[in-house]
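Working notes for the structure below.
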Number of protein chains: 2
Amino acid sequence: MLYDLLGYGERMGSKNSTATKRADALRSIDAIVQAAAECLGQNPEASLSEIARAAGVGRVTLYAHFASRAEVVDAAMSRAIDRGNEVLDTVDLSGDPLLALARYIEAGWHLVDQARALLAAAQRELSAERIRVLHAGPSARVEALLARGRAEGAFRTDLPLAWMVNVLHAVMHSAAEEIRAGRLTSEHAGHHITATVLAAFTPPGQPVPEAGGGAPR
Amino acid sequence: MLYDLLGYGERMGSKNSTATKRADALRSIDAIVQAAAECLGQNPEASLSEIARAAGVGRVTLYAHFASRAEVVDAAMSRAIDRGNEVLDTVDLSGDPLLALARYIEAGWHLVDQARALLAAAQRELSAERIRVLHAGPSARVEALLARGRAEGAFRTDLPLAWMVNVLHAVMHSAAEEIRAGRLTSEHAGHHITATVLAAFTPPGQPVPEAGGGAPR
DNA sequence: TATAACTTGAACAGTCCTGTACGACTTAGT
DNA sequence: ACTAAGTCGTACAGGACTGTTCAAGTTATA
């Protein structure tokens, strides 16, 4: 069984040289990817049958467009990442690094919350390398912001940049889990994450910034 | 062996809750639980056949002692938690809360690292409630420490205690993943976690503590 | 030593999933 | 309007795992 390299490239935006698909085929593919994102978002173990049914499409049709389960998961994940990138594009990351990071968190944790279960599915089906590649966009964004903040003295430099990126995502991720478990409300999540991360990133010796204006508890 | 076989057996509706087991039966059970912890630790989807084989026991024997896959996972998880509790019992959590927390992290993150994949298996097989109960011991420990630190002014009080517990575990957990992914070395993990969490828990307005003596990189 | 508890492999039943093949039908594009 | 592309249901082949049963052998323990 060969890797469908053309398929991957196609999903990642590159123009394919093969014959253009018919309109109804594109519609089917879109419905499948969308349904996959929804189904896998609710249950990472959702079968291809479920996904096809949710897409309002025959199971055979699904196989006509995707050679394997992995391809479906990949497409759904790619789609979610692309959507996320579009949202993050609208966030202003200039100006005071602390405020910029707060803005990033406010937009970002919702995305993490939505893609939570989908990511779980991807981690089972896709290689770690593939997942890393898919996340390259968001990672680069926050990495650049943190690097600038470090250069300006706003963030600590005694910890590796990669570790700080990791901490940010870990805290957002765990907040999403807490919400799902009913131990945290959506209203407080942004504030808690921001307060926690800004403190964690404060250079040693400097005072932790006071919280903006969120409810304390 | 602190984990009580009879205890969870009763909870999960297993047979023979009263009869005393023969010595060889107890030996088999122990081998199965141990093998389950190892197998599930490497692959959360390990089948009962694999586990039985790893335990040097027939598959039928496994079913003679555990009614379902869930019971096996539960037993393995209980065992891991008990082992962890034993280790944590040796950690001195008195004195300066910051130093106590650092000691807890140093001991705790190794445990999280070891039980990482096993927890993943448990999260698929067991109810969220059951997992919460199993973690009650460690959670209570760190909760008490954080509460004391807050009372003494060492830790911030503008965030819920439960959230802080969650952050601590999330950061330790993500460090374990980073190590597994090869993006972090075991030597640095303790230092990074401690530096991050101590900063995150510092009361707003107060300076972030300088790192102890770990290599900064 | 007697016996009940334990272990074992083989084999069975049942379920769910993936992936493929077919033939007939419907639709899009030029 | 014509044809290729797309779709659909059904059906099949194959695999993996769970859980149970059975009959025969082994071992702990009183």
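In what follows, chains carry the letters A, B, and so on, assigned in the order in which the sequence lines appear, proteins first and then strands, with residues in each chain numbered from 1.
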Whole-Å gap separating [atom2] ([N]) and [atom1] ([X]):
| X | N | atom1 | atom2 | value |
| --- | --- | --- | --- | --- |
| B:Arg124 | D:dC17 | CZ | P | 14 Å |
| B:Ile29 | C:dT7 | CD1 | P | 8 Å |
| A:Arg27 | D:dG6 | CZ | P | 12 Å |
| B:Phe66 | C:dC6 | CZ | C1' | 15 Å |
| B:Glu125 | D:dG19 | CD | P | 9 Å |
| A:Arg59 | D:dA11 | CZ | P | 13 Å |
| B:Lys21 | C:dA5 | NZ | P | 12 Å |
| A:Leu26 | D:dA5 | CG | P | 14 Å |

Among the nucleotides [options], which one has an atom lying closest to any side-chain atom of [X]?
| X | options | result |
| --- | --- | --- |
| A:Tyr63 | C:dG19, C:dT8, D:dG6 | C:dG19 |
| A:Ser47 | D:dT18, D:dA28, C:dT18 | C:dT18 |
| B:Ala25 | C:dT7, C:dG29, C:dT18 | C:dT7 |
| B:Thr61 | C:dT7, C:dC17, D:dT7 | C:dT7 |

5'-most by nearest nucleotide on DNA chain C - B:Arg22 or B:Val57
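Per heavy-atom nearest nucleotide, the more 5' residue is B:Arg22.
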
Start at the 5' end of DNA chain D and walk down; is the nucleotide closest to B:Glu45 or to B:Asp24 reached first?
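Its nearest nucleotide lies further toward 5', so the answer is B:Glu45.
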
Give the intermediate values and the outcome of side chain to side chain contact (heavy atoms under 4.5 Å, CB included) for residues A:Met77 and A:Glu125.
CA-CA 11 Å; A:Met77 195 65 203; A:Glu125 234 77 40; over 6 Å; no

Has A:His65 got a side-chain N or O lying under 4.0 Å from the OP1 or OP2 atom of D:dG6?
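No, no such contact exists.
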
Please state whether the phosphate of D:dT7, meaning OP1 or OP2, lies under 4.0 angstrom from any side-chain nitrogen or oxygen of A:Ser28.
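So the side-chain polar atoms of A:Ser28 do come within 4.0 Å of the phosphate oxygens OP1 or OP2 of D:dT7, strictly under.
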
Donor-acceptor pairs are to be reported for all side-chain atoms of residues 159-174 of chain B against protein atoms at under 3.5 Å, with residues two or more places apart or in another chain.
{"from": "B:Trp163", "atom 1": "NE1", "to": "A:Thr196", "atom 2": "OG1", "distance (Å)": "2.8"}
{"from": "B:Asn166", "atom 1": "ND2", "to": "A:Ser174", "atom 2": "OG", "distance (Å)": "3.1"}
{"from": "B:His169", "atom 1": "ND1", "to": "B:Val165", "atom 2": "O", "distance (Å)": "3.3"}
{"from": "B:Ser174", "atom 1": "OG", "to": "A:Asn166", "atom 2": "ND2", "distance (Å)": "3.2"}
{"from": "B:Ser174", "atom 1": "OG", "to": "B:Val171", "atom 2": "O", "distance (Å)": "3.1"}

Any side-chain donor-acceptor pair under 3.5 Å between A:Ser28 and A:Asp24?
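No - no donor-acceptor pair under 3.5 Å links their side chains.
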
Where the side chain of B:Glu71 meets the backbone of B:Ser68, is there a donor-acceptor pair that is under 3.5 Å apart?
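No; zero donor-acceptor contacts below 3.5 Å.
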
Who pairs with A:Glu38 by salt bridge (Lys or Arg N to Asp or Glu O under 4.0 Å), at least two apart in sequence or on another chain?
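Salt bridge (Lys or Arg N to Asp or Glu O under 4.0 Å) check on A:Glu38 returns nothing, list empty.
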
Could you check whether A:Arg69 gets within reach of a base, just the sugar-phosphate, or nothing at all, counting any heavy atom under 4.0 Å?
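Sugar-phosphate, no base atom in range.
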
